[in-house]
Structure formats: C-alpha cells, structure tokens
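In what follows, a structure is listed as structure tokens, so that the remarks can point back to it.
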Amino acid sequence: MTGLTANGVAHAPSRTVRTIILGLIGVIFAVPIVAMIEFTLRAGLVGGYNVDRWVALFQSGFTGVYRPVLVALGNSVALAVGTVLIVLLLLVPTMLLVHIRFPRLRRVLEFTCILPITIPAIVLVVGLAPVYAIVARMLGSGVWTLAFAYGITVLPFAYRAIQSNLDGVDVKTLTEAARTLGAGWGRVLLWVLVPNLRRGILAGAFIVVAVVLGEFTIASLLNRVNLQTALVVVSKVDPYTAVILSLLALAFAFLLLLVIGRLGAPRTRTSRRRTNVKGQA
Amino acid sequence: MNSQKLKVQQPTAPTRPGTVVEFVGVVKEFSGMRALDGFNLSLHAGECVALLGPSGSGKTTALRVLAGLESTDAGSITIDGIDVSALATSKRDMGMVFQSYSLFPHLSAGENVEFGLRMRKIKPAERRRRAAASLAMVGLDDHFDRFAHQLSGGQQQRVALARALVTEPRVLLLDEPLSALDAKVRVQLRDEIRRIQTELGITTLFVTHDQDEALAIADRVAVMRAGNIEQVGTPEELYSRPATPFIADFVGLSNRIDGLVRSAWAEVYGTSLALIDPSTPDGPVTVSIRPEDIEFAAEGLAATVVASSFLGSLRRTTVRLGDGTILFLQHGVRVHPRAGESVYVIFTGAPVSTEPVGPASVAQQQY
C-alpha cells in the first residue's frame, strides 16, 4: 500500500493500517511500563512473583522513607500549577499583544521562546544559580521559586502549542469585531480570544504539566526537592519501591492530564455535524 | 435563500434619527506613506455613502479611522458635532461588518448577535428577544442556534449585519462585506443591505472597490484616489458628469479618444459633439465617450469588428478603426456583429469628460 493516489495526493490510511500503527505505538509505550510492573513483582532471588512490595507500601501508608516522596509530589504539583499560571498570565497575553499590535516582533518573540530548547539544562543551571541566590534573598528559598526557572524551560513547548492555534484563528478581525461591539481589551481577551484559543492554551498547559512533573536536572542542581529528585533518593535505598512510586507518579500524571482535558473540553451542547449549506445565501 | 419571506418582513430594530458624520482634514500615515491626505467628507443624517476606489486609495483606512481601529495623525472626525478622534473604538457606538468572516466561532449565531447587548449589560431575556428580532430582520430567525461553521458565507455576513445593527448604532460601517461572496449572493445581499439601511434610516459608510456595488447601494458615491476624494456625488452624477478622466474611467467603461475642442464643441473623427461643460478651453483633448454613446450605422466611420461578447441584457462589441484605434460599443443583443465584419459607427452622445493633452501628445494626434 503506497498511501498515495494516482496523482500523488496522500489519502487517509485504511482501518487495518491504522490499527497496525496504533498497535505498534501502543507496544512501544507499554513495554517499559510492563517491564517496570514485572520488576516490582519479582520475588527476590528465588524467582516467581508476588505483590508483597505493593502491599507493604500501601499498608505503611507511605510513611518512613517514602514520606518525602509524597511531599515531593505535592511540590511538583504546586510547581506545575505555578508554571501553568506563568504561561497563562505572561506568555498568552504577550503572544496576543505581539500578534495583534506588534506583528513585526513576532520573529523576535519566537526566537526568544524557542531559545531555551537549545540550551542544555545543566548550562541553564550555571546561569540560574547566581540568579537564584538573589531570588532566595528576596523571596526565600521555597520550592515554588523553581516555577520561574520552569517558566523559561517550558517556553518552547507552550509557545508552539499556542502559536499553532493562533495561526488558525483570525485573531485580528475577531478582536476588531468585539471592539466595535463595545468590548474593552479585557473582555476581548476573556470573552473572545481565550475561548477561541482554548485548544492551544490547553495543549500548552498539558505539555507544561508533563515537563514539570518529569523535571530532574534543575531541581537537583539547585538543591530543591521535587518528585524526580525524591524518587532518585528512594531508588538508592529501595529500587523496587522507587519503581512502584514511579508507576504511581505516571498514573497520577495521566489522571491529572485527563482531568485537565475534561475541564477544557468544548461545550457539547450542539451537534458537530456539518449541515448542508450549499445553495443557501 | 428565502427571498419571498424577506420581502414581507418589517425591520424590527427601532430607528434612531440619523447621525451626521464629518471628516475634516484627516491625515493618516503608515510608515511614511500617506493613506489619507487631508481627507474631507460629510455624511448626512440617514444617508448611505459608498467610498469607491482602487486598492491603496485609502478607502478602508477612512472607514477604520471612523471606527477608531486606526488613530488619526491630524484632522478631526465628528459625530453629530462631537469630536470622536480620541474616543476608544468600544465607546464610539458603531456597527461594523467586515470583509472577512468575523463571527465568533465559539458562539452560536444568536449569541453572536447578543454579544454587543451583553457588553451593554442588557438583561438576558431582553437580549434574546432583540437578537431574535435582529436575526429575523436579515431572514435568519430559524438559525439562532447555528454556529458559524454551519452557515454559508452569505448567511454569516447576514448574521454579522444583524450583530452590527442590534445595538442600534449611530453609524453602520461596511468594509467590503460582499467581496468574499459569489456573484448571485452578492447581488441579493447588496439589495437587502440597501433595503434595511433605507428602512432603518441609519447613516452608513460602505467601502467597496466594485463600482456596480457602489452605484447600486449608495445615495452618494465618493471616489477616492491617493488618500483623497476625487469626486463625490450621486451615482447618476458620477456616471454622466465625471469630474475627471480618472472618474470617467473608473466609474463605468469609457473610450478615450483624441479630439479637439472649439468653442464648447469637441471634434472627434470629424463629428462635432456638444460638451457637458461649455467652459472647456479650446485645444487638443482626450475625450471619454461611454460605450452606449457609440452606435452602428449605415454610414459613418469605417471599422472592423474585433470581438463581441454577450452580457445577458446587452452586448459589448470591440471594433478597430482604420487608424488602429480600438472602440467599445454597447448595444442590444439582437445586433450580433461577427469578428472580422466591416461596419460603420457614429458618435451619438456627448463625451462625459475631456482632458487637455500636452504638446507631446498633440504630435501623436491622428488627424
């Protein structure tokens, strides 16, 4: 199957091809997770499997050495929320302002936002360390201050997600229409632009949450505790439990993204089917 | 579209006494280029004025500065005598329909129409009633819950019109609202806009580059060129007495032929034609003659038919004179000249405009 018609135009793959592609990708994703589960179920050197470690972890109520993991999870969630807020309150309005009022600055903004992806985290930390010395003096050394650094590291991902949505919406005309109808800038933003950029903003938020929950280098090098650094600490003591906790963290992140997706889903009050409007004026 | 239904419907948005709009010496520059160069225009109460001009003539800029979407660099814009130049767009109380489809995609047609009322904090029940009435005015009362992607282009522009009118704005601004539509829908909607505008008596500024549209819809047409108005007048005035050859050429078709003015008469290929403006100074000129003012005859100027096109209610024929000059004629469809046929043509109407030619052009005169 070539996937191309006679005149070279690509058409949608058949159901079988789709199933095979999805199946392959599913296997690629599933293998490490299944391997992790298998690892946590191993019954030591004698062979065989049991759920002892899972039971022990839940019976202990995540106390003792595992307690910091829960705290760290809380930190990471708080950081994710903080970083999403930075993106929503700083990046989105900036992008809209540039798009509507200063289109010439678009290239500059794009370059600035994409830049962090080209800088390795370790290099970033070298620059961030003295900055954080000042941040600590001004705002204390709370874990939440990491959100500033994460706000920078997530820029490329959030920017791309929002920009692709922005390109598909005639923001200028919608803004002008709303303004002629009596809407001030605040209402234009909240009542017209945000609802129409919901998909991009949501996708950006997804990526931000995923990146922040998985971040290790910056937190570790700046001596802050987040989920990943805590997992590393646990894995040095008990590798089996560390993997269980990793699996739980994965499940948690999955659920979190599911919830965000649900909250941001478009209203389903009308049918999405396209009506036949041909021939109507 | 349900055009029969539309004809019996009455406009439901209450009428406001028309508003007077005045542009005085408005200047607008875009990075050193003057889009408006001391622009002056008055819109009388309840009148529909069409701004007509080629692209880049500044017509859309004029409309946008009135809407407040662009600031002015100099001059003033007054609405009922009050200067609004510094007023924010949202406070100007204008209704505007854009060239590109501008319905909010996340709202239904009804909610789109309600938007302006929500901004004015009108209660929900009242909002819904007025939005429904406004949609009924444009013949889309049964499309309240449809979203933009479920409407055709013409329907979207109708909803946009209902949305612009529901707040009873002081001025209606139409920025080439028909240019994205196909020919038939364009004419239908054009007539409908005119009907609604007349019935509501709302002062309207209509921007277009399509002369047919401008002539059909407006009480007065202002033809723009290089940031200023070249001529403003009724469609009839513009067509029959264009102030400049540019207007004669831009509004309607015209043949540009070399001639000679002698005491208020123009001599063109041996025919003396009375001039509309008797004060035209004597000398060599280029005259503009409408294609309907040249006819086939049993004798006259010998010419050869180049092409003839059928335009529905009339036919336009191109002929070449012996000296190579090309002329357009417009005539009834019953006459059907064939390409290559030898014919005679005569001038039957007066030139609509004359333009003196310089010495360089005199040398090239063909008689």
Side-chain angles (χ1 to χ4, degrees), chain A residues 92 96-97 99-105 162 164-203 263-281, chain B residues 1-3 6 64 67-69 88-108 112-113 115-121 139-140 143 145-147 149-158 160 163-164 166-167 169 173 175 181-182 184-186 188-189 192:
Chain A
V92 173
L96 285 171
L97 200 64
H99 196 89
I100 299 166
R101 297 297 293 270
F102 309 105
R104 283 186 194 170
L105 289 178
I162 297 163
S164 63
N165 195 172
L166 210 52
D167 290 337
V169 177
D170 188 354
V171 172
K172 191 164 180 277
T173 307
L174 294 186
T175 304
E176 290 181 348
R179 284 170 63 208
T180 56
L181 289 167
W185 281 107
R187 283 175 170 183
V188 169
L189 187 70
L190 291 178
W191 293 35
V192 175
L193 298 183
V194 170
N196 283 302
L197 297 174
R198 186 204 293 260
R199 218 153 32 90
I201 292 172
L202 209 68
L263 288 179
R267 292 175 293 170
T268 51
R269 52 183 190 159
T270 49
S271 66
R272 284 273 144 197
R273 81 192 153 82
R274 283 187 172 255
T275 48
N276 179 20
V277 290
K278 281 261 163 92
Q280 296 176 49
Chain B
M1 206 31 250
N2 40 0
S3 51
L6 287 172
R64 288 174 63 83
L69 295 170
T89 303
S90 53
K91 306 253 187 291
R92 288 202 189 186
D93 194 15
M94 305 264 170
M96 183 158 171
V97 180
F98 295 81
Q99 179 177 6
S100 47
Y101 301 133
S102 63
L103 294 189
F104 305 129
H106 66 296
L107 299 178
S108 68
N112 260 283
V113 179
F115 189 88
L117 300 172
R118 276 176 89 175
M119 294 301 116
R120 286 160 178 76
K121 300 196 167 51
L140 290 177
H143 289 61
D145 293 321
R146 296 270 184 95
F147 284 82
H149 70 264
Q150 296 169 318
L151 299 171
S152 68
Q155 287 172 331
Q156 288 194 45
Q157 290 303 66
R158 280 165 197 271
R163 182 176 71 175
V166 74
T167 56
L173 306 174
D175 184 9
L181 307 176
D182 60 61
K184 200 171 176 189
V185 178
R186 195 154 64 211
Q188 254 179 20
L189 193 49
E192 208 170 321

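Within every chain, numbering begins at 1; the chains are lettered A, B, ... in the order of the sequence lines, protein sequences first and strands thereafter. Treat the numbers as computed from the prediction; the structure is a model and nothing was measured. Because only heavy atoms are used, hydrogens play no part in the values below, and waters and symmetry mates are left out as well, while side chains stay in.
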Closest non-hydrogen atom pair, Ala183(A) against Ser90(B) = O-CB, 3.4 Å
What closest approach, in Å, do Arg163(B) and Ala177(A) show between heavy atoms, and which atom pair accounts for it?
-> NH2-CB, 3.5 Å
Could you tell me the separation between the CG atom of Leu107(B) and the CG atom of Asn196(A), rounded to the nearest 0.5 Å?
-> 7.5 Å
More than 12 heavy atoms of other residues, nucleotides or ligands under 6.0 Å from CZ of Arg101(A): is that the case?
-> no
Contacts of type salt bridge (Lys or Arg N to Asp or Glu O under 4.0 Å), residue Arg64(B), not counting sequence neighbours | Glu176(A), Glu70(B)
Interface residue of largest heavy-atom contact number with chain A, from Pro105(B), Gly116(B), Ala164(B), under 4.5 Å | Pro105(B)
Closest non-hydrogen contact found for Ser102(B) with Leu174(A) is O-CD2, 3.6 Å
Within the side chain of His106(B), is there an N or O that forms a donor-acceptor pair under 3.5 Å with the backbone of Trp191(A)?
-> yes
Gln156(B), Met94(B), Arg118(B): which one forms the most heavy-atom pairs within less than 4.5 Å of chain A?
-> Arg118(B)
Look up atom CG in Asp175(B) and atom OG1 in Thr173(A), then write down how far apart they are to the nearest 0.5 Å.
-> 9.5 Å
CZ (Arg187(A)) with more than 12 external heavy atoms under 6.0 Å | yes
What is the minimum heavy-atom distance between Arg179(A) and Thr89(B), and which atoms define it?
-> NH2-OG1, 3.2 Å
Is it the side chain or the backbone of Leu103(B) that comes within 4.5 Å of chain A heavy atoms, both, or neither?
-> backbone
Residue selection (most heavy-atom pairs with chain A, distance under 4.5 Å) from Ser100(B), Ala67(B), Ala160(B) = Ser100(B)
For Phe104(B), which residues count as a ring-ring contact (aromatic ring centres under 6.0 Å, His included) partner, sequence neighbours excluded?
-> Phe115(B)
